Structures are given as C-alpha cells and as structure tokens.
Amino acid sequence: QVQLVESGGGLVQAGGSLRLSCAASGRTFCTAAMGWFRQAPEKEREFVAAINWGGGITYYADSVKGRFTISRDNAKNTVYLQMNSLKPEDAAVYYCAAGAVTGTRREYYNYWGQGTQVTVSS
C-alpha cells in the first residue's frame, strides 16, 4: 500500500500563491506517476497536473498552464504543486494521487490522499 498525505492548503487572496505538498510512504516504488486533481463543490474531480518519476514529463490542465508547476523530490518521496496567480475558480479540495502510468486520467492512479482545501477569496 501507499499512503499519501497532502499539506499546504489554506485561504489566499486572488492573485496570491500557495504550495501544496504530498508526502508518500509505504510502497513508494508504486509512485512512478504522481498527480494532482481537484474537486469543487458539486463538480466532478478534475485533473490538474501530473509528473513522471524522473520529472522530465509533466502534464497540466489548460486552466492552470503557466500558473501552476508540479515537481517532485524522490529522495523525500514528496511531490509539490506550486500555485501562482490563484483565481477564485481554483478553489477546491486538492487531491494527490499516485500510480504506475503518468497521465491525465483518474483511472491511471491507484492511490489517493485525503485532500487539502484551497480557498481563494476575490
């Protein structure tokens, strides 16, 4: 099993920044692909960003390109999501996910964290 624990969420004003972290433990060799998803109230969970083991392949949702950056530190078993120029529409619960295949689809990811709340005030 893999355990994922997110942190770094909170309340920020529009235009501000937050950095989310996701620490993995357990069978971390199962975390070749890491991703971030988000879910706003009454909306489907949607893809935000993903990164492969080496960090050389990243994917972003169109809505966050140029504003968010995903990165990872394998020595620390941690993946990050730097979020800049935040907008009210970015407000959601952000979930970290891990799996074997790097991509944008939820079904690629076998393990999920509990989520961290991001609130953006206008």
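Computed from a prediction, not measured in an experiment: that's the story for all the values here. Atom set for the values below is all heavy atoms of this structure, side chains included, hydrogens, waters and symmetry mates excluded.
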N/O donor-acceptor pair under 3.5 Å between Gln13 side chain and Ser121 backbone: no

Any donor-acceptor pair under 3.5 Å from Arg45 side chain to Tyr94 backbone: no

Exercise: identify the closest heavy-atom pair between Val101 and Tyr108: O-CB, 3.5 Å

In one Ile/Leu/Val/Met/Phe/Trp/Tyr side-chain cluster, 4.5 Å: Trp112, Trp36: no

Side-chain donor/acceptor of Glu6 to backbone N/O of Cys96, under 3.5 Å: yes

Side-chain donor or acceptor of Tyr60 paired with backbone N/O of Ile70 under 3.5 Å: yes

pair Thr116-Leu20: side-chain heavy atoms closer than 4.5 Å: yes

Asn74 (side chain) donor-acceptor with Trp53 (main chain) under 3.5 angstrom: yes

Sub-4.5 Å side-chain heavy-atom contact between Leu81 and Arg19: no

Straight-line distance of Lys76 NZ to Ser21 OG, nearest 0.5 Å: 9.5 Å

Closest contact, heavy atoms only, Gly103 versus Tyr109: O-OH, 2.6 Å

pair Met34-Tyr111: side-chain heavy atoms closer than 4.5 Å: no

Transitive ILVMFWY side-chain link Met83 to Phe47, under 4.5 Å: no

Ala92 versus Ala40, closest heavy-atom pair with distance: CB-N, 3.8 Å

Full working for side-chain contact (heavy atoms from CB on, under 4.5 Å) between Ile51 and Val79: CA-CA 9 Å; Ile51 189 168; Val79 64; 4.1 Å; yes

Whether over 12 other heavy atoms sit under 6.0 Å from Gln3 CD: yes

N/O donor-acceptor pair under 3.5 Å between Arg67 side chain and Ser85 backbone: yes

Donor-acceptor contact present, side-chain Asp73 to main-chain Thr78, <3.5 Å: no

Proximity of Phe37 and Tyr95 rings by center, below 6.0 Å: no

Over all atoms of both residues, closest heavy-atom pair of Pro88 and Ser122: CG-CB, 3.8 Å

Residues Asp90 and Lys87 bridged, charged N to O under 4.0 Å: no

Residue pair Asn84 / Ser17, side-chain donor-acceptor N/O under 3.5 Å: yes

Side-chain heavy-atom pair Arg38, Val64 within 4.5 angstrom cut-off: yes

Flag if over 12 foreign heavy atoms under 6.0 Å of CD, Glu44: no

Phe68/Leu86 under side-chain contact (heavy atoms from CB on, under 4.5 Å): CA gap, chis, key distance, verdict: CA-CA 9 Å; Phe68 290 13; Leu86 281 160; 3.8 Å; yes

Cluster check Tyr80, Val118: I/L/V/M/F/W/Y, side chain < 4.5 angstrom: no

